[in-house]
Amino acid sequence: MTIIQELIRDDYSFERAEAIQIKYQNLMKKISKNEYFTSIKHINTIAGVDISYFKDNNNEYGIACAVIWNLKENLKESHFLTTKDPIKFPYKPSFLGFRECKLLAKVISKVPNKPDLIMCDGHGKIHPRRFGEAVHLGYALDIPSIGIAKNPFIGFSDWHKIERVKGNKSSIWAKNPKYLGKEESNDLLGYAVCLNSGNKPVFISEGYKISLNLALKICLATTINHRQPEPLYLADYLSRKDIKYYN
DNA sequence: GCGACAG
DNA sequence: ATCTTGTCGC
């Protein structure tokens with residue numbers, strides 16, 4: 001079975017799904033940093049993806065949207081795509097990838113040119129098994145990815161205390177630094193970051209083949225005047241409202 | 001032990 | 001995520 005066949009599925013039991021996460025969490029560790037992006041200059045197109053839900057009668061459907069954001073063409077080549085499909089996997093914290101990746105992979109497959117980076121509306125490494133939706137999707141498609149969530153999940157930080165000024169951030173640690181032994185190590189899972197002055201911070205973490213610092217830099221560079229980076233804000237907006245975009 | 005917990 | 005009116009604030 002190929003990686004994509006094993007990860008892009010929505011028919012696992014929770015037990016099986018957890019076993020898959022553990023398997024790939026371990027495989028993730030073997031990826032060389034040489035394969036990571038080293039500079040924002042190497043990125044041409046970013047795909048911001050999100051899903052909105054609605055119910056028919058007893059059936060649940062999702063509308064996935066991918067906004068293609070072209071950095072080098074100064075936004076002139078930006079556009080978006082959507083798909084509508086049934087949702088099979090139930091929502092459960094730590095298993096979001098199995099609920100949404102099938103749809104997200106499908107909408108990305110419709111993009112004419114494979115994007116250089118994916119921005120995901122959900123956590124990446126900030127996950128009990130370091131396998132949040134952003135990691136899951138990036139790994140499945142072998143496309144670098146970033147997790148950008150609107151709410152905290154696991155980890156310890158004083159994000160609620162940061163001033164709402166663009167660029168301000170707070171580290172999110174795996175263990176509570178307050179109760180950390182002198183010789184004990186900790187794990188930096190991500191950052192809570194204010195991307196737009198006046199707005200509540202978002203939670204940024206590594207997805208796939210990208211460092212936390214570069215992920216942070218890219219998020220700051222693509223945020224215009226909303227709480228989230230513009231590609232994600234638009235994907236959220238467009239998946240919810242089927243409207244026309246500039247061509 | 002119990003509850004909380006991304007979207 | 002989604003169901004939803006008026007309302008507080010920049």
Side-chain angles (χ1 to χ4, degrees), chain A residues 8 10 14 17-18 21 25 48-67 82-107 118-139 145-157 159-160 163-166 170 172-176 189-208 212 215 219 225-229 231-242:
Chain A
I8 302 300
D10 55 7
F14 290 133
E18 182 173 354
Q21 289 180 335
Q25 165 199 24
V49 297
D50 194 21
I51 294 179
S52 288
Y53 297 88
F54 70 89
K55 279 185 180 176
D56 193 320
N57 285 305
N58 258 322
N59 309 312
E60 186 173 34
Y61 293 90
I63 293 183
C65 178
V67 169
T82 59
T83 59
K84 172 195 159 187
D85 282 285
I87 298 292
K88 297 290 180 63
F89 203 90
Y91 171 71
K92 187 175 185 181
S94 84
F95 294 100
L96 188 61
F98 291 99
R99 179 170 168 80
E100 301 196 324
C101 284
K102 192 173 181 179
L103 259 177
L104 297 178
K106 184 175 178 182
V107 76
I118 295 170
M119 282 183 170
C120 228
D121 192 333
H123 292 289
K125 189 180 176 183
I126 300 173
H127 181 276
R129 294 171 286 284
R130 311 291 179 265
F131 209 77
E133 175 172 283
V135 180
H136 191 144
L137 185 62
Y139 203 122
S145 63
I146 302 174
I148 302 157
K150 296 183 292 298
N151 288 292
F153 188 17
I154 65 161
F156 300 84
S157 77
W159 65 272
H160 49 282
E163 302 272 338
R164 273 127 97 131
V165 174
K166 180 164 182 167
S170 169
I172 297 165
W173 300 99
K175 304 174 194 167
N176 192 338
L189 299 181
Y191 290 128
V193 190
C194 174
L195 294 177
N196 190 46
S197 296
N199 282 105
K200 189 179 154 184
V202 293
F203 302 81
I204 297 174
S205 60
E206 294 173 17
Y208 179 72
L212 179 57
C219 288
N225 58 356
H226 292 102
R227 184 187 171 199
Q228 301 162 288
L232 257 195
Y233 168 79
L234 289 172
D236 177 82
Y237 179 76
L238 293 167
S239 66
R240 215 162 350 93
K241 227 160 164 71
D242 201 53

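Everything numeric here is computed off the predicted structure, so don't read it as measured data. The chains referred to below are lettered A, B, ... by the order of the sequence lines, with proteins before strands, and numbering in each begins at 1.
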request  = Give me the first and last nucleotide of DNA chain B, going 5' to 3', that has any atom under 4.0 Å from a heavy atom of chain A.
outcome  = B:dC5 to B:dG7
inquiry  = Between P on C:dA1 and CG on A:N59, what's the gap in Å once rounded to a whole number?
reply    = 22 Å
ask   = Side chain of A:R130, backbone of A:V135: donor and acceptor closer than 3.5 Å?
value = no
ask   = What is the nucleic acid contact for A:Y53, judged by heavy atoms within less than 4.0 Å: base, sugar-phosphate only, or nothing?
value = sugar-phosphate
ask   = Under 4.0 Å between a side-chain N/O of A:K150 and OP1 or OP2 of C:dA1, yes or no?
value = yes
message = Check the orientation of A:H127 and A:F153. Use parallel for under 30°, tilted for 30 to 60°, and perpendicular for over 60°.
response = perpendicular
Separation of atom CG in A:L238 from atom C1' in C:dA1, rounded to whole Å = 17 Å
note = Dot-bracket assigned to DNA chain C with the 3.5 Å Watson-Crick/G-U criterion, [ ] for crossing and | for other-strand pairs, is ..........
ask   = Does the separation of the ring centres of A:Y208 and A:F131 fall below 6.0 angstrom?
value = no
inquiry  = In this structure, how many angstroms lie between the P atom of C:dC3 and the CD atom of A:E60, rounded?
reply    = 12 Å
key: Between C1' of C:dA1 and OH of A:Y91, the distance in whole Å   = 9 Å
query = Relative to A:F95, does A:R129 satisfy both conditions: NZ or CZ under 6.0 angstrom from the six-membered ring centre, and within 45 degrees of the ring's axis?
reply = yes
query = With a 4.0 Å cut-off on heavy atoms, is A:Y61 in touch with a base, just the backbone sugar-phosphate, or nothing at all?
reply = nothing
ask   = Using a cut-off of 4.0 Å on non-hydrogen atoms, how would the nucleic acid contact of A:S52 be classed: base, sugar-phosphate, or nothing?
value = sugar-phosphate
query = Quick one: does A:T82's side chain have a donor or acceptor within less than 3.5 Å of a partner on A:C65's backbone?
reply = no
Under 3.5 Å side-chain donor-acceptor pair for A:Q25 and A:Y139 = no
ask   = Between A:S205 and A:K125, is there a donor-acceptor pair closer than 3.5 Å when you use the side chain of the first and the backbone of the second?
value = yes
query = Is it the case that A:N196 and A:N199 place a side-chain donor and acceptor less than 3.5 Å from each other?
reply = yes
ask   = Does NZ in A:K175 sit with more than 12 non-hydrogen atoms of other residues, nucleotides or ligands closer than 6.0 Å?
value = yes
inquiry  = Within the 4.0 Å heavy-atom criterion, would you say A:P152 contacts the bases, only the backbone, or no part of the nucleic acid?
reply    = sugar-phosphate
